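Here's the structure we're looking at; comments come further down.
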Amino acid sequence: MDIKPRTALGTIGGNSLRDRHAPSGKGGVTKTAFAVPAQITRVKTDAFTTRPPSQLTTSTTTSALPTHNRQPTPAHKPTPPQQEDEFPEPEVMDMDVGQIALALSNKLVIEDIDESDRDNPQLCAEYVKEIYAYMRELEIKYQVDPAYLSTQSQINSKMRAILIDWLIQVHLRFTLLQETLYLTVSIIDRYLQVEPCDKSDLQLVGVTAMLIASKYEEMYAPQVDDFVFITDRTYSSDRIRSMERHMLNALDYSFGNPLCLHFLRRYSRAGNAGPEMHTMAKFLLELSLTDYHCLRFLPSQLAATALYISCKICSDGEWTPTLHHYSTYSESQLLPCAGRLTWLVSHMATSKQQAVRKKYSSSKFLKVATNSGLHSRPIRELAAADSTS
Amino acid sequence: MTSQRYERVEKIGEGTYGTVFKAKDRETGDIVALKIVRLDEDDEGVPSAALREICISEGIETSEHCQVTVRLLDVLHRSLRLTMVFEYCDQDLKKYFDSLASVISQKTVQSFYYQLLRGLAYCHRHNIFHRDLKPQNILISKKGELKLADFGLARAFGIPVRIYSAEVVTLWYRPPEVLMGAQVYTTSIDIWSAGCIFAEMANSGRPLFPGSDVDEQLKRIFKLVGTPTDRTWPNIVRLPEYKEFPPYPPAPFSAVVPPLSPTGIDLLRRHLVSYPKGRITAEDAMRHEYFSDLDDPIARPSN
């Protein structure tokens, strides 16, 4: 079954009435049914700026905010400063520059990247090794079958890509945490692996996954009505709540699976990555989200590979012994995944999914998507080796 | 009412977000605890606290045989009601204190506190902080095993630990940084609460810092451990709700917790450090000299 993307968009939206009334051939259908409503940003910004700062820290509940409003209510949450989403604080990162320099001058030395963190409890140095070892166990336990879509009769990898591309835009508009996005996609895949899903319910699965991920990760999750609004009222709040129940049970309430972002933070530290290199790696990881073929790689592997490629673009490209040690991946072990990620890079201009590229072309994300290094020879060579496509 | 399977016996409390009942499992005859959350027709679906509690409880369960937390047996999700079925424990630490006829034996304190630390170390190793440790959330089984319960405020943390809600931990057990509005905190917040509970155990259930509001709470704390300065706590003035307090000097701990041995006092002192980075970890606390003569087979099954 090979559905043209726009048809799939309309169908995924489940808004058949709108489909019929929309002017044909203008792309208006897809925009209406699937675009993120523009005013949500404005409302949100207003709500945020008019909120006195004192309330930002003392507000404990979102339920005091009106939910009956017919307008979107993305005043749902005072957006906290998202420092965790971003790179570790500069002073934290600079602490071991001396040590790293030492390690680089002697390639045989594997540096203890936690040594200097003993007095920084935010980095939990005393538990960090055990926690990461535990995460490596968990990621295997939670890995989905990379061919799971073959069990779905109505959903294919193109629809999955369209859905995730759209959710990336929703995530950006709701200004949610990075973790929430990765968890959303993981919930979608794990759910679709075990439950058959109609085409017309795919978007419902998507927004409900984001609702669940938000409840797990966010301090102030968006409200159910925000998701009703964002789907242009394709699904009622009742349907979202009932899908939530269904998905929670299907996944046994387990959402503690490690995300590639958790690993990237560790590896970026081991690689002494600066903000640009780290952001570039995040860009590559997000690019992998819409790609069904990337499901065969573990989150830790994707994270290591993204940093590996990012190193080549933003730095000398060397996969140091320290990086090898902390990621446990050697350069050659990363090549298959590197082939796939660079293939995605080399095709991003012509891809139907543009949300990630657009997002990372903005100055907030250091415009890494426009970095000419993405099209340099070493990257093209890696892409040429991709065996997937 | 709840279901065919569980017969409610009596209400035993109100949790942070649900009502807890003692109930009988008709299939097995076991006594269980039901935590029931009402979901209104028009609300936000499953509360995030319930979602996290179930997720964390199940995660803990599948990963270790040594039972340091209360076991979640089942989850029933009907349209307007979510029921969590937990193993039932007769007593919580609060009720245990209330039932004491005389003073607690310091051997019991040692065993209980070791078990509490073991549970906490387990959580922290699995990147979970509890965020609401207090005697009511620490349950005691018939065999004298101590188990952590009520993970409604708990959550898994990433590294680096990011900002979280400052609305955590019951006032008496809340550490100074959270009292001053810190949103960046780590496993050390549980260590502060644990220290308060340690002292409370040693004093047969007399709370260490029974403050009535945030200000009085901080005052009580600083009168014991001394008012922090920018030297003992760098950048304390930058905390969101920083307030100046009179410069109380540190008071002797032995006067506040007389039954505790000198090594116990030393261990307690390492918990109750205002500056979060100065606090001991659960793991290091378990290795402290205070436990060198621990011989309770429940606390140390391998010995």
Side-chain angles (χ1 to χ4, degrees), chain A residues 54 57-60 62-63 67-68 80-85 88-89 92 119-124 126-128 130-132 134-135 137-138 141 177 179 208 211-212 214-221 223-225 237-238 240-242 244-245 248-249 252-256 259 261-262 265-266, chain B residues 39 41-60 62-63 72 75-79 82 84 121 124-128 155-168 181-189 240-241 276-279 281-284:
Chain A
S54 62
T57 48
T58 52
S59 169
T60 54
T62 56
S63 59
T67 57
H68 56 274
Q82 301 198 354
Q83 78 179 58
E84 73 309 316
D85 158 19
E89 294 283 283
V92 173
D119 63 345
N120 186 333
Q122 247 189 296
L123 295 167
C124 298
E126 64 269 29
Y127 293 114
V128 74
E130 277 176 284
I131 289 174
Y132 276 98
Y134 175 59
M135 285 180 174
E137 280 172 38
L138 280 185
K141 193 179 129 195
L177 299 165
E179 283 88 343
T208 309
L211 173 69
I212 294 171
S214 302
K215 285 181 178 178
Y216 186 79
E217 290 289 352
E218 304 283 333
M219 225 189 288
Y220 305 100
Q223 300 185 339
V224 173
D225 278 352
S237 56
D238 265 352
I240 294 179
R241 280 193 296 267
S242 116
E244 178 188 50
R245 183 168 74 234
L248 288 172
N249 286 323
D252 221 5
Y253 286 83
S254 62
F255 307 105
L259 310 169
L261 201 64
H262 296 137
R265 294 196 178 120
R266 177 82 170 150
Chain B
L39 309 170
E41 199 104 37
D42 201 31
D43 72 358
E44 291 301 309
V46 176
S48 59
L51 196 145
R52 287 181 191 150
E53 174 158 31
I54 296 171
C55 177
I56 286 173
S57 302
E58 293 198 330
I60 287 173
T62 51
S63 42
L72 176 64
V75 177
L76 308 170
H77 196 159
R78 304 262 141 67
S79 62
L82 177 67
M84 287 166 254
H124 291 172
R125 266 203 310 277
H126 291 83
N127 68 314
I128 288 159
R155 58 174 303 167
F157 56 86
I159 298 172
V161 175
R162 64 171 194 232
I163 63 162
Y164 300 104
S165 168
E167 294 293 326
V168 294
Q183 287 193 300
V184 176
Y185 48 68
T186 169
T187 49
S188 60
I189 77 163
E241 281 148 52
K277 293 180 189 183
R279 283 173 218 151
T281 64
E283 212 112 348
D284 285 343

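Given the structure is predicted, the values throughout are model-derived calculations rather than measurements. Chain naming here is simple, since letters A, B, ... match the order of the sequence lines and numbering starts at 1 in each.
Residues A:Gly256 and B:Cys55 approach most closely at N-SG, 3.7 Å, considering heavy atoms. For A:Tyr216 against B:Arg52, the heavy-atom pair with the smallest separation is O-NE, 3.0 Å.
Annotation: side chain of B:Leu39 is not in contact with side chain of A:Arg241 (no heavy-atom distance under 4.5 Å). Using a 4.5 Å cut-off on side-chain heavy atoms (C-beta onward), A:Tyr134 and B:His126 make contact.
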side-chain contact (heavy atoms from CB on, under 4.5 Å), that's the test. Do B:His77 and A:Tyr253 meet it? Break it down for me. CA-CA 11 Å; B:His77 196 159; A:Tyr253 286 83; 3.0 Å; yes
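Side-chain N or O atoms of A:Arg245 include none that pairs as donor or acceptor with a backbone N or O of B:Gly45 at under 3.5 Å. Judged by distance alone, with hydrogens and angles left aside, the side-chain atoms of B:Glu44 form a donor-acceptor pair with the main-chain N or O of A:Val224 at under 3.5 Å. The backbone N or O of B:Val46 lies less than 3.5 Å from a partner atom in the side chain of A:Glu244, making a donor-acceptor pair.
For B:Ser48, the side chain to side chain contact (heavy atoms under 4.5 Å, CB included) test picks out A:Lys215, with sequence neighbours left out. Judged as a salt bridge (Lys or Arg N to Asp or Glu O under 4.0 Å), and not counting sequence neighbours, A:Asp252 has no contacts.
For B:Ala282, the parts lying near chain A are the backbone and the side chain together; criterion is any non-hydrogen pair under 4.5 Å.
Taking CD from A:Gln223 and CG from B:Asp43, the interatomic distance works out to 10.5 Å, rounded to the nearest 0.5 Å.
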